[in-house]
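Inspection log for the structure reproduced underneath, given as structure tokens.
Residue numbering restarts at 1 for every chain, and letters A, B, ... go by the order of the sequence lines.
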Amino acid sequence: MLTLATWNVNSIRTRLDHLGTWLETHPVDVLCLQETKVTDEQFPQAPWEALGYHCYISGQKAYNGVALLSRSPLTEVSRGFSPVLGSDGVGDLDDQKRVITAKLGDLRILNLYVPNGSSVDSDKYSYKLRWLATLRDYLATLLATETQIHICGDFNIAPGDRDIHDPQGKGNHVMATEPERQALQQILDLGFTDTFRQFTAEGGHFSWWDYRAGSFPRNKGWRIDHHYLSPPLADRARSCTIDAEPRYWEKPSDHAPVLLTLDQP
DNA sequence: ATGGCACATCGAATGTGA
């Protein structure tokens, strides 16, 4: 069984202890991290190498940042959209470090930190929609030559109302607006399956809870961290679960890790 | 409707997140 996890850690330097403790009890094969919030020069690699992980990183100062930790060496590591789409079609979208991908054997792993969007009337929201449209082009290009693609990360989108604790009146709330849901659907229409929903239909399962207003103890959360699989991989999925345990710990990330297990081919 | 909390950069207050 192959185990992969995604976790927005909200600063890897602030979460060293949490990440180390979690990896010791959940020695996943691949861990995809978002919001590392650190330059590549300052990224702490030693703690994970001591646990047997190889590190592949793409970060920047203060904001964003993604990383792959893998027990086996990965190949074909690339960062941003431009290695696939060319810099002409990408513009400034690669300035923010939100995309890293690599292969584990024949398995393509794509780790994403989708822009939040701030609010519907902001420039950040239009940036989010432009970013998602570019992601669709990126995946369409990849699918021309590859079939085994796993996408995961912080999507900052709740796909449906059952993915929000209180969906009423959220139609104008970033992460739940129709344009971003449609942008996500156009990506999934390339053939990707929401792995969590292969196994769990009911609502009440969330991966992010606001730090404020006691959201976590009240379970007022959103499911915005996802695993998506192309058809040959979807058939191999055996479980997809959210581990809320670290959210109880002292000074946690506001996101919980989401785990995926795949049957070996 | 608003704010609430956390993090990084700073060395006070602001930008950002979601």
Pick the [atom1] atom in [N] and in [M], then give their distance to the nearest Å.
| N | M | atom1 | answer |
| --- | --- | --- | --- |
| B:dC7 | B:dA18 | C1' | 14 Å |
| B:dG11 | B:dG15 | P | 14 Å |
| B:dC10 | B:dT14 | C1' | 10 Å |
| B:dA1 | B:dA12 | P | 36 Å |

### Message
I'd like to know whether A:Q96 forms a side chain to side chain contact (heavy atoms under 4.5 Å, CB included) with A:Y127, so could you lay out the CA-CA distance, the side-chain angles of the two residues, the decisive distance to 0.1 Å, and finally the verdict.
### Response
CA-CA 11 Å; A:Q96 301 181 16; A:Y127 180 93; 3.4 Å; yes
### Query
Are A:R71 and A:D29 ion-paired here, with the side-chain N under 4.0 Å from a carboxylate O?
no
### Query
Hey, is A:D40 close enough to A:R79 for a salt bridge, meaning N to O under 4.0 Å?
no
### Query
Rounded to the Å, how far apart are A:F216 CZ and B:dA6 C1'?
16 Å
### Query
Expressed in angstrom and rounded to an integer, what is the separation of A:E250 atom CD from B:dC5 atom P?
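A:E250 atom CD is separated from B:dC5 atom P by 16 Å.
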### Query
Quick one: does NZ or CZ of A:R223 land under 6.0 Å from the six-membered ring centre of A:F206, within 45 degrees of the ring axis?
no
### Query
Distance-only, no hydrogens or angles: does the A:R181 side chain make a donor-acceptor pair with backbone N or O of A:A158 under 3.5 Å?
yes
### Query
Is the shortest side-chain N/O distance from A:R15 to OP1 or OP2 of B:dA8 below 4.0 Å?
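For B:dA8, neither OP1 nor OP2 has a side-chain N or O of A:R15 closer than 4.0 Å.
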### Query
Listed by chain and number, what are the side chain to side chain donor-acceptor pair (under 3.5 Å) partners of A:S70, not counting sequence neighbours?
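None.
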### Message
Generate the contact string for nucleotides 10-18 of chain B. Rules: B means base contact, S means sugar-phosphate contact only, - means no protein heavy atom under 4.0 Å.
### Response
S----BSSB
